There are 2 protein chains.
Amino acid sequence: MIKVIVVEDHPIMVEGLKNILLNDAGIEMKGDYGNGKSVLQALEKEQPDVILMDVNLPDISGVTLCMEIKKKYEDIRIIGLSIHDEQPVIHSMLQNGASGYVLKNALGTEIIRAIYAIMDGEEYLCSNTKEALKNADAELLKAIPRITRREKEILQLIGKGLTTMQIADQLFISTHTVESHRKNLMEKFGVNNTTTVVKLATEYKLL
Amino acid sequence: MIKVIVVEDHPIMVEGLKNILLNDAGIEMKGDYGNGKSVLQALEKEQPDVILMDVNLPDISGVTLCMEIKKKYEDIRIIGLSIHDEQPVIHSMLQNGASGYVLKNALGTEIIRAIYAIMDGEEYLCSNTKEALKNADAELLKAIPRITRREKEILQLIGKGLTTMQIADQLFISTHTVESHRKNLMEKFGVNNTTTVVKLATEYKLL
DNA sequence: TGTAAAACCCCTGTTTTCCGGTATTTTTTC
DNA sequence: GAAAAAATACCGGAAAACAGGGGTTTTACA
């Protein structure tokens, strides 16, 4: 029997997953948890083979939770579960130890298939996820620039409407330095004024 | 027996709803549909008492579907079902004939309660929806400013990264005029630089 | 572990934006 | 249909952002 637990904050969804899992003879559903904290607690006592994990939890991001669980219990396999088909989210889940990713519009059978697949050591992505990743390749070209911590900090302050001088004061650096970061941001985003940088950053949900 | 049908494109969710509804003796689940078209077809043959309807369907918006169903079959009561707690969506559902609104993070019991409540002629909102509407009131105050055609035109050009002079050239007006609009935009958005205006406009999806 | 790239920091002159006004035309609204 | 309000248009000086240069410290990786 494959021991499975569910981490998901939507009760209706939990109900649906329970139903799907219970209908399969080889799978045993060992419990469900509505947030990251409670799973981490539960794991201290007993570990399942597989965790079905919603990526959007109320208390902690799925990516972080995934990382933490894999750090402590590397044998547990994790399947990310989400309505989001955004390439960055999918990638960071997989990079942080998830073995599978299934979108919430998937069929119940895909969940079952995913569980068996990752127990066989495979990586499982549902068809819609694969589709999303394929489309994402095109978007990768006009990808989100890689931004440093400092740049992000300054970008956020600019987004708040602060002027270069105010930012300089707040970060205890010269206005020239701030302008330098500003310049680099424009460079990285491939535009020539901060306004457009902020627009793009907003669209990319960096702000 | 209250006849209920479900319109929802997430199979797992459907599974969960089915479970919840079947467990109640007074409710009869008459079927589920994954998109708007198929429900409309099904309704021609037989009408339920209540429709549980996801607001985000693949083929048609929940608001439109709600409106169409109420136009043809005014006795059917509709409960909107969504992950979104955004005030505009909730309001337009209710304005277009929905009798209830339940967020997907609600408990199964809330669904049941909602069905019975609207069958009693009440309007039912789940606790989280009420909360969202309350918070939305505060947001309504800092609502999207009313912008003139000309201002929008200029805002869009600013969003493209053009300078005042380039905009003036393109619209055959003086740079001073452009700056005047720029100033008014800042005024209306309640901020003091164009960058923040563009950020807000982007968030409001005005750009 | 050494070195190249990246991140971070600073400067000067030029361009652009911002802010205080004012004036004319078009919409609302009573 | 007249008054009020809003939209559009314009100015000049002050403030901020931008462009293009250079330097030091971390970080990544071969």
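Throughout, a chain's letter reflects where its sequence line sits, starting with A, and its residues are numbered from 1. This structure is a prediction, so every number in the text was calculated from the model and none was measured.
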Between the side chains of [X] and [Y], is a donor N or O closer than 3.5 angstrom to an acceptor N or O?
{"X": "A:Tyr116", "Y": "A:Asp24", "value": "yes"}
{"X": "A:Thr195", "Y": "B:Thr195", "value": "yes"}
{"X": "A:Thr64", "Y": "A:Ser61", "value": "yes"}

### Query
Can you find a side chain N or O atom of A:Thr163 that sits less than 4.0 Å from OP1 or OP2 on D:dA16?
no

For [X], side-chain hydrogen bond (donor to acceptor under 3.5 Å, both in side chains) partners two or more places apart:
{"X": "B:Asn192", "result": "none"}
{"X": "A:Lys152", "result": "none"}
{"X": "A:Ser38", "result": "A:Asn35"}

Return the value, rounded to whole Å, for the distance between atom [atom1] of [X] and atom [atom2] of [N].
{"X": "B:Arg182", "N": "D:dC10", "atom1": "CZ", "atom2": "P", "result": "16 Å"}
{"X": "A:His181", "N": "D:dA19", "atom1": "NE2", "atom2": "C1'", "result": "17 Å"}
{"X": "A:Leu162", "N": "D:dA16", "atom1": "CG", "atom2": "P", "result": "12 Å"}

### Query
Can you list the residues that meet the salt bridge (Lys or Arg N to Asp or Glu O under 4.0 Å) rule with B:Glu110, with sequence neighbours excluded?
none

### Query
For A:Lys188, what residues pass the salt bridge (Lys or Arg N to Asp or Glu O under 4.0 Å) criterion, not counting sequence neighbours?
A:Glu151

Mind listing the N/O atom pairs, protein and nucleotides 21-23 of chain D, below 3.5 Å?
from: D:dG21; atom 1: O6; to: A:Lys183; atom 2: NZ; distance (Å): 2.7

### 5' to 3' contact window, DNA chain C with chain B (heavy-atom distance under 4.0 Å)
C:dT16 to C:dG21

### Task
Please list residues of residues 192-200 of chain A whose heavy atoms come under 4.0 Å from any atom in DNA chain D, ordered by number; otherwise none.
A:Asn192, A:Asn193, A:Thr194

### Message
Any residue in residues 147-157 of chain A with a heavy atom nearer than 4.0 angstrom to DNA chain D? Just list them by number, or reply none.
### Response
none

#### Entry: Positions of residues 167-179 of chain A (non-hydrogen atom under 4.0 Å from DNA chain C), listed by number
A:Ile173, A:Ser174, A:His176, A:Thr177

Would a distance-only check, ignoring hydrogens and angles, find a side-chain to backbone donor-acceptor pair under 3.5 Å from [X] to [Y]?
{"X": "B:Arg77", "Y": "B:Ile118", "answer": "yes"}
{"X": "A:Asp59", "Y": "A:Lys37", "answer": "yes"}
{"X": "B:Glu8", "Y": "B:His10", "answer": "yes"}

### Query
Hey, what bend do you get for the helix from C:dT1-D:dA30 to C:dC30-D:dG1 if you fit axes on five pairs at each end, rounded to 10°?
70°

Is the shortest heavy-atom distance from the side chain of [X] to the side chain of [Y] under 4.5 Å?
{"X": "B:Asn96", "Y": "B:Lys70", "answer": "no"}
{"X": "A:Ile76", "Y": "A:Asp49", "answer": "no"}
{"X": "A:Arg150", "Y": "A:Ile154", "answer": "yes"}
{"X": "A:Ile78", "Y": "A:Ile69", "answer": "yes"}
{"X": "A:Val50", "Y": "A:Ile27", "answer": "no"}

#### Entry: Shortest non-hydrogen separation from A:Leu125 to A:Lys130 and the atoms involved
O-CE, 3.5 Å

Donor-acceptor pairs under 3.5 Å, side chain of residues 163-170 of chain A to any protein atom, not counting sequence neighbours: which ones?
from: A:Thr163; atom 1: OG1; to: A:Met165; atom 2: N; distance (Å): 3.4
from: A:Thr163; atom 1: OG1; to: A:Gln166; atom 2: N; distance (Å): 3.3
from: A:Thr164; atom 1: OG1; to: A:Arg182; atom 2: NE; distance (Å): 3.2
from: A:Thr164; atom 1: OG1; to: A:Arg182; atom 2: NH2; distance (Å): 2.8
from: A:Gln166; atom 1: OE1; to: A:Thr163; atom 2: N; distance (Å): 2.8

